[in-house]
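Structure, as structure tokens:
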Amino acid sequence: MKKIAFIVISFLIVACSTENKQEAVVRELAKKDAVEKLQLPEGTKFSNENVEVTETETGEASIGISYLVKLTVKSQDSDGNEIIETHTMTYKKTGEGGLAPEDYELISFE
């Protein structure tokens with residue numbers, strides 16, 4: 001019984017670790033796509049608190065997973081007033097692994 005409990009706990013730890021890595025991949029992909037789509041300067045940096053990743057399941061299999069990313073862009077106008085824009089992106093998981101940027105497809109960008 002102890003062996004089965006150990007195996008189950010090990011599996012849960014590995015599953016949680018993989019999920020965190022997948023969210024990190026989506027987060028970095030969203031940052032790159034935001035710079036490209038919004039035509040921001042090449043050195044633009046985003047902190048992790050400006051990028052919110054939410055996983056949504058669209059089916060029973062792991063391929064049916066999509067990610068909703070809310071990205072907040074802070075800037076200033078010529079008068080020094082702060083401008084805050086929030087953009088929403090949806091990514092669909094297209095690959096099995098989910099640990100490479102090629103495993104995700106940008107579905108929408110608002």
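Side-chain atoms are counted along with the backbone in the values below, which use heavy atoms only and exclude waters and symmetry mates.
With rounding to the nearest 0.5 angstrom, the CG atom of L71 is 13.5 Å from the NZ atom of K37. Note that CG of L29 and CG of D103 are 10.0 Å apart. Values are rounded to the nearest 0.5 Å. E105 contributes atom CD, which lies 14.5 Å from atom NZ of K93 (distance to the nearest 0.5 angstrom).
Among residues two or more places apart in sequence or in another chain, the salt bridge (Lys or Arg N to Asp or Glu O under 4.0 Å) test is passed with E28 by K31. Residues meeting the side-chain contact (heavy atoms from CB on, under 4.5 Å) test with E52, sequence neighbours left out: T54, K70.
Under the 4.5 Å side-chain heavy-atom criterion for ILVMFWY residues, no single connected hydrophobic cluster contains both V69 and I107. Each of L68 and Y104 belongs to its own hydrophobic cluster when Ile, Leu, Val, Met, Phe, Trp and Tyr are linked at side-chain heavy-atom distances under 4.5 angstrom.
Heavy-atom minimum distance, T94 versus E102: OG1-O, 3.8 Å. In this structure, A34 and L40 approach most closely via the heavy-atom pair O-CD1, 4.1 Å.
Residue pairs meeting the ring-ring contact (aromatic ring centres under 6.0 Å, His included) criterion with at least one member in residues 82-101, sequence neighbours excluded, are H87-F109.
Judged by distance alone, with hydrogens and angles left aside, the side-chain atoms of T90 form no donor-acceptor pair with the main-chain N or O of S108 at under 3.5 Å. A donor-acceptor pair under 3.5 Å links the side-chain atoms of R27 to the main chain of V51, judged by distance alone.
For E82, the CD atom is densely surrounded, since the number of other residues' heavy atoms within 6.0 Å is greater than 12.
Residues Y67 and Q22 are in side-chain contact: their nearest non-hydrogen atoms beyond the backbone lie under 4.5 Å apart.
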